[in-house]
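Before any comments, here is the structure.
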Amino acid sequence: MDFLTHLAGRLPDDSSRRLARRLVTGALVLALAACGGGSDDGGSYSGGSGGDLGPTTPAAAARFLHQATFGATEQDIADVRQIGYRAWVEEQMAMPVNPNAYLDHLVARGNNGSNGNHFIEAFWRHAVEADDQLRQRVAFALSQIFVISFNDMAVTQFPRGVASYYDMLVRHSFGNFRDLLEDVSLHPMMGLYLTHLRNRKEDPVSGRMPDENYAREVMQLFTIGLNELNLDGTPRRVNGQLVPTYSSEDVSGLAKVFTGWSWAGPDLDEARFNGQRNSVDRSWTLMQNYTHHHSTSPKQFLGVTIPAQNRPEPELSLRVALDTLFNHPNVGPFICHQLIQRLVTSNPRGGHVERCARAFNGQGGTPRGDMKAVIRAVLLDSDARILSATSDADGKLREPVLRLANFLRAFEARSQSGNYTDIGNTSNPENSLGQAPMHANSVFNFFRPGYVPPNSALAERGLSAPEMQLVHEVSVAGYLNFMRNRVTINNSRDVRHNYGRELALAPDPAALVDHLNIVLASGQLSEQSRTLIVEGVSSRVVPAPTPDGMGGVSNQTTIDNALRDRVYIAVLLTMAAPEYLTQK
């Protein structure tokens with residue numbers, strides 16, 4: 001492994017072997033369980049919805065920021081400690097939204113073709129630089145629930161469409177779930193991805209039936225799930241048996257609602273419906289209905305019947321269908337469970353899910369589906385803010401995109417061109433992250449919410465670890481080699497980071513590692529890992545200054561190189577530690 005070869009050159013032999021075994025094996029094995037328990041988060045919450053008290057330690061503030069943003073910075077940590085969790089959340093939610101930021105970036109770049117890298121540029125610019133970090137982080141979480149992907153050949157030719165889809169997720173992050181659901185359903189990129197764009201009504205002569213793909217997935221993945229749930233997210237059972245939320249007949253009935261929808265444009269002729277008549281904005285304008293392709297027969301689903309129509313009424317059918325889904329009792333616990341997984345922990349406690357679901361249902365006085373109330377309940381709940389000192393079921397594996405984002409934000413990275421051009425598609429697990437935004441492998445995301453690593457300690461305990469579905473020998477080596485190259489200073493790169501603070505601490509390895517422990521690992525490095533990393537940093541000897549006889553130092557370049565190497569080693573080993581890879 002290239003990483004180990006590099007590491008061996010930096011450390012004494014014994015340290016290299018021990019560190020490689022501890023860190024790399026820890027990454028491969030069950031990182032969620034590897035850290036053991038935890039420590040109190042430093043907050044003083046006593047009840048379900050939390051309070052206004054802020055974190056008492058920098059580590060507690062950093063932990064909160066790693067849940068709520070793309071990564072903690074020293075300034076962010078200071079801000080959260082000064083004003084508290086709730087005030088910080090409200091401040092973030094009050095920030096204005098740029099409704100077309102991602103699309104505008106592509107237009108400014110002259111993207112008229114199929115260059116999906118321009119979307120990735122926009123993603124990293126906002127992940128690293130945007131002030132509205134909470135909105136951006138929630139949008140990324142939503143993109144892993146309401147999935148479309150550049151990996152789909154129909155979608156990949158419309159990067160502007162994907163950018164507008166992501167803008168839509170950003171826009172609705174603090175809006176209402178009902179509005180989000182409608183815009184997801186009518187966006188042409190979702191129409192392409194789940195094949196209800198150009199969906200035609202049934203034809204008894206030819207035997208043609210409406211495409212059922214979106215009707216199935218909008219229930220299974222976007223709203224109500226496969227089985228009925230209790231408010232705390234646990235499956236509801238009748239006589240010991242799971243209760244399915246829908247049947248194949250429900251799918252067929254709902255599929256009729258999504259007939260007749262296709263490309264937007266100034267007319268409704270057949271050529272435009274079929275996509276043969278182009279318009280510059282069709283990939284980012286919500287679909288319109290071509291009524292002669294919309295089913296007028298009865299539409300029966302989920303206990304609701306839309307009667308046969310003498311003339312097509314597609315907007316009415318859509319409104320009834322989406323209202324029915326939106327008001328289903330499963331939606332709150334189903335969506336809350338996934339948002340808690342994406343932001344806080346892979347195994348949400350039932351009480352946390354229930355309190356979030358109650359917020360979704362409007363029991364706190366907000367409208368049903370209010371996303372601000374939901375996000376408050378996800379992040380400010382006592383289960384999110386207090387880390388059990390005994391449970392190792394808390395936390396989640398930090399997915400690769402978030403690791404790179406953490407790194408770039410922690411060290412104040414900036415693009416010289418403003419376009420973040422040298423990151424690119426990081427999907428390759430052999431030499432990169434094995435994950436890239438909006439490049440999920442399927443509609444089920446990069447990893448399934450209920451994924452359990454087979455033949456593992458987690459499986460024995462019935463715990464899920466979704467992100468572990470990305471972890472294997474190749475992806476671990478690829479990540480470490482990618483970060484080995486990324487942590488070094490290279491002035492030929494477009495994206496450059498700043499180690500000013502770290503270089504000042506480099507003469508004291510323990511102080512340097514303690515600093516990185518806060519900004520990267522939220523203070524969660526075990527004493528064993530901390531000791532090993534300090535040993536590794538210390539093994540890079542910094543020579544004593546040699547006076548040059550003229551009031552200067554003759555070996556200053558050698559000293560500077562040694563201090564810089566210390567920073568590289570400290571950052572790389574911290575980001576390889578199981579306690580970093582596991583976001584507690």
Side-chain angles (χ1 to χ4, degrees), residues 32 38 41 43 45 47-50 63-70 85-86 89 92-93 134-135 137-147 169 173-174 177 180 221-225 229-235 329-361 363-364 366 369-388 391-399 402 444-452 458 462-469 522 582-584:
L32 282 172
D41 186 42
Y45 298 106
S49 61
R63 176 175 176 265
F64 169 76
L65 288 164
H66 282 297
Q67 294 172 349
T69 73
F70 277 105
Y85 299 124
R86 186 176 294 275
V89 168
Q92 285 282 307
M93 289 180 173
L134 179 57
R135 190 193 313 272
R137 183 67 186 85
V138 171
F140 183 59
L142 292 175
S143 77
Q144 295 183 302
I145 299 172
F146 301 95
V147 175
L169 298 179
S173 291
F174 299 152
F177 185 85
L180 168 64
L221 300 178
F222 301 166
T223 54
I224 64 178
L229 302 173
N230 298 310
L231 201 58
D232 65 358
T234 57
N330 260 35
V331 181
F334 183 75
I335 293 298
C336 283
H337 188 278
Q338 291 192 71
L339 286 173
I340 294 170
Q341 281 191 310
R342 298 277 53 78
L343 300 176
V344 178
T345 180
S346 294
N347 296 278
R349 292 187 177 92
H352 193 182
V353 175
E354 180 172 345
R355 291 185 288 272
C356 180
R358 291 186 185 280
F360 183 96
N361 293 345
Q363 293 187 19
T366 54
D370 179 54
M371 292 296 291
K372 288 184 178 179
V374 169
I375 299 306
R376 291 186 192 105
V378 169
L379 292 173
L380 299 178
D381 191 87
S382 58
D383 277 348
R385 298 278 44 86
I386 296 178
L387 183 64
S388 169
S391 173
D392 59 7
D394 288 324
K396 60 193 292 288
L397 194 67
R398 204 182 303 255
E399 58 194 281
L402 295 183
F444 296 101
N445 190 25
F446 301 99
F447 32 74
R448 291 175 179 258
Y451 176 76
V452 178
L458 289 173
L463 297 175
S464 62
E467 295 84 357
M468 287 294 290
Q469 199 165 359
S522 307
T582 307
Q583 176 185 309
K584 280 281 193 172

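Predicted model, so just to flag it, every value in this text is computed and none were measured. Counting from 1, the numbers follow the sequence of the chain as shown.
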Between Ser464 and Ser346, is there a donor-acceptor pair closer than 3.5 Å when you use the side chain of the first and the backbone of the second? yes
Is the backbone N or O of Pro449 less than 3.5 Å from a side-chain atom of Gln341, with the two atoms forming a donor-acceptor pair by type? yes
Ignoring hydrogens and geometry, is there a side-chain-to-backbone donor-acceptor pair from Asp232 to Gly350 under 3.5 Å? no
Identify the two heavy atoms, one from Val331 and one from Ile224, that lie closest to each other, and give their separation to 0.1 Å. CG2-CG2, 3.9 Å
A side-chain contact here means heavy atoms from C-beta on lying under 4.5 Å apart; do Phe444 and Leu221 qualify? yes
Walk me through it: do Val89 and Lys372 pass the test side chain to side chain contact (heavy atoms under 4.5 Å, CB included)? CA-CA 9 Å; Val89 168; Lys372 288 184 178 179; over 6 Å; no
If you round to the nearest 0.5 Å, how far is CE of Met371 from CG of Leu142? 5.0 Å
Donor-acceptor pair, side chain of Asn361 and main chain of Gln363, under 3.5 angstrom: no
Do the side chains of Pro333 and Asn230 get nearer than 4.5 Å, heavy atoms only? no
Contact check, side chains of Thr345 and Ile340, non-hydrogen atoms, under 4.5 Å: yes
Could you walk me through whether Leu169 and Leu180 pass the side chain to side chain contact (heavy atoms under 4.5 Å, CB included) test, one step at a time? CA-CA 7 Å; Leu169 298 179; Leu180 168 64; 3.9 Å; yes
Nearest 0.5 Å please: distance from the CZ atom of Phe140 over to the CD1 atom of Ile145. 11.5 Å
Heavy-atom pair of closest approach, residues Leu134 and Gln92: N-OE1, 2.8 Å
Nearest-0.5 Å distance that lies between atom CE in Met93 and atom CZ in Arg376: 5.0 Å
Rounded distance (nearest 0.5 Å) linking atom CG of Asp394 with atom CD1 of Ile386: 11.0 Å
Which heavy atom in Ala68 sits nearest to a heavy atom in Leu379, and how many Å separate them? CB-CD1, 3.8 Å
For Arg135, give me all partners under side chain to side chain donor-acceptor pair (under 3.5 Å), at least two apart in sequence or on another chain. Asp132
Partner set under side chain to side chain donor-acceptor pair (under 3.5 Å) for Asn445, not counting sequence neighbours: none
Is the shortest side-chain heavy-atom distance between Val138 and Ile375 below 4.5 Å? yes
Taking Thr69 for the side chain and Leu65 for the main chain, is one N or O donor matched with an acceptor at less than 3.5 Å? yes
Under the criterion side chain to side chain donor-acceptor pair (under 3.5 Å), which of Arg385, Lys584, Lys396, Gln583 is the partner of Gln67? Arg385
Value for CG (Leu339) from SG (Cys356), rounded to nearest 0.5 Å, stands at 6.5 Å
Listed partners of Phe360 passing ring pair (Phe, Tyr, Trp, His ring centres under 6.0 Å), at least two apart: Phe177
Which residues pass the side chain to side chain contact (heavy atoms under 4.5 Å, CB included) test with Gln469, not counting sequence neighbours? Phe447, Arg448, Tyr451
Closest non-hydrogen atoms of Arg342 and Ala141, given as atom of the first, atom of the second and distance, are CB-CB, 3.8 Å
Can you sort out the partners of His337 under side chain to side chain donor-acceptor pair (under 3.5 Å), two or more places apart, ordered by chain and number? none
Considering all heavy atoms of both residues, which atom of Val147 and which atom of Phe222 are nearest to each other, and what is their separation? N-CE2, 4.1 Å
Listed by chain and number, what are the side chain to side chain donor-acceptor pair (under 3.5 Å) partners of Glu354, not counting sequence neighbours? Arg358
